[in-house]
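Before any comments, here is the structure.
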Amino acid sequence: AFWMGDFVKAMESFKLMAVLPSSSMPKTQFLYYTFYRGIAAYSLFRGGNGEHLLIEGNEVLSKVQSWRQMCKHVENKLLLLQAEYFASKCNRNSAQEKYEASIRAARDHGFVHEQGLAYECMGK
């Protein structure tokens, strides 16, 4: 649902996954689940679906910031979430800077799909 742009359905799936004990979910999938949930929350917030989605996006942003200290490969994800935060707050200049930095970081780490996602988010 996420990659098809159906963020409402994606958020429903994320809620189902959230009830799983973290020990049941492989760590890589948990990283992506969290990252995509943040992107979807910010996008839905900008679509007028409620202030609670901005709060949820901010919680994800905070979590990914803590992971950045341990793993450099989340850099582009953090930058993209920061860009989405700034876009949600209507701060276009900061959002643009973070989108471009996320694109560069994704390219540098070989995450072509996340580079494309950053371009797509920047274009909205």
Side-chain angles (χ1 to χ4, degrees):
F2 178 88
W3 287 105
M4 298 302 291
D6 188 346
F7 294 138
V8 172
K9 188 175 265 184
M11 290 299 281
E12 291 170 4
S13 297
F14 297 147
K15 286 178 185 173
L16 291 174
M17 293 173 64
V19 299
L20 293 174
S22 61
S23 60
S24 297
M25 190 180 300
K27 301 305 179 216
T28 301
Q29 281 84 347
F30 184 71
L31 168 71
Y32 281 103
Y33 150 77
T34 303
F35 170 59
Y36 295 144
R37 185 168 56 94
I39 297 294
Y42 282 133
S43 179
L44 289 170
F45 168 75
R46 288 194 307 276
N49 292 292
E51 189 77 21
H52 69 284
L53 291 162
L54 178 63
I55 294 167
E56 188 168 345
N58 291 343
E59 289 170 356
V60 168
L61 177 59
S62 178
K63 185 176 289 194
V64 174
Q65 283 173 326
S66 71
W67 293 342
R68 172 63 178 85
Q69 306 303 315
M70 297 176 282
C71 180
K72 195 166 181 100
H73 288 147
V74 300
E75 178 183 20
N76 69 296
K77 295 167 186 61
L78 174 59
L79 291 165
L80 184 51
L81 286 167
Q82 289 170 336
E84 289 289 285
Y85 166 78
F86 286 124
S88 296
K89 297 302 251 177
C90 299
N91 185 335
R92 291 182 182 205
N93 292 334
S94 294
Q96 184 72 26
E97 288 175 18
K98 295 295 184 176
Y99 284 127
E100 291 172 358
S102 176
I103 290 165
R104 282 191 303 275
R107 182 194 62 227
D108 292 348
H109 291 306
F111 300 139
V112 177
H113 61 295
E114 291 176 18
Q115 183 180 2
L117 177 60
Y119 273 118
E120 181 179 338
C121 290
M122 185 171 65
K124 289 183 179 179

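Quick note: residue numbers are just sequence positions, from 1.
Between the S88 side chain and the E84 main chain, a donor and an acceptor come within less than 3.5 Å of each other. Here the side chain of S66 pairs a donor or acceptor atom with the backbone of K63 at under 3.5 angstrom. Of the possible polar contacts, none joining the Y99 side chain to the E120 backbone as a donor-acceptor pair under 3.5 Å is found.
In plain terms, the two heavy atoms of C121 and I39 that are nearest each other are SG-CG2, 4.1 Å. Pairing each heavy atom of E114 with each of A106, the nearest pair is C-CB, 4.0 Å. A pairwise comparison of heavy atoms in S102 and A118 identifies OG-CB, 3.8 Å as the closest pair. The nearest pair of heavy atoms linking R37 to M11 is O-SD, 3.9 Å.
A cation-pi arrangement is present between K77 and F111 under the rule of less than 6.0 angstrom and at most 45 degrees off the ring axis.
Put simply, V60 and L78 are part of the same group of oily side chains (I, L, V, M, F, W, Y) that touch within less than 4.5 Å, one to the next. F7 and Y119 end up in the same hydrophobic cluster when Ile, Leu, Val, Met, Phe, Trp and Tyr side chains are linked at under 4.5 Å.
How far CZ of F30 is from OH of Y33: 6.5 Å, rounded to the nearest 0.5 Å.
Contacts of H52 classified as side chain to side chain contact (heavy atoms under 4.5 Å, CB included), with partners at least two apart in sequence or in another chain: none.
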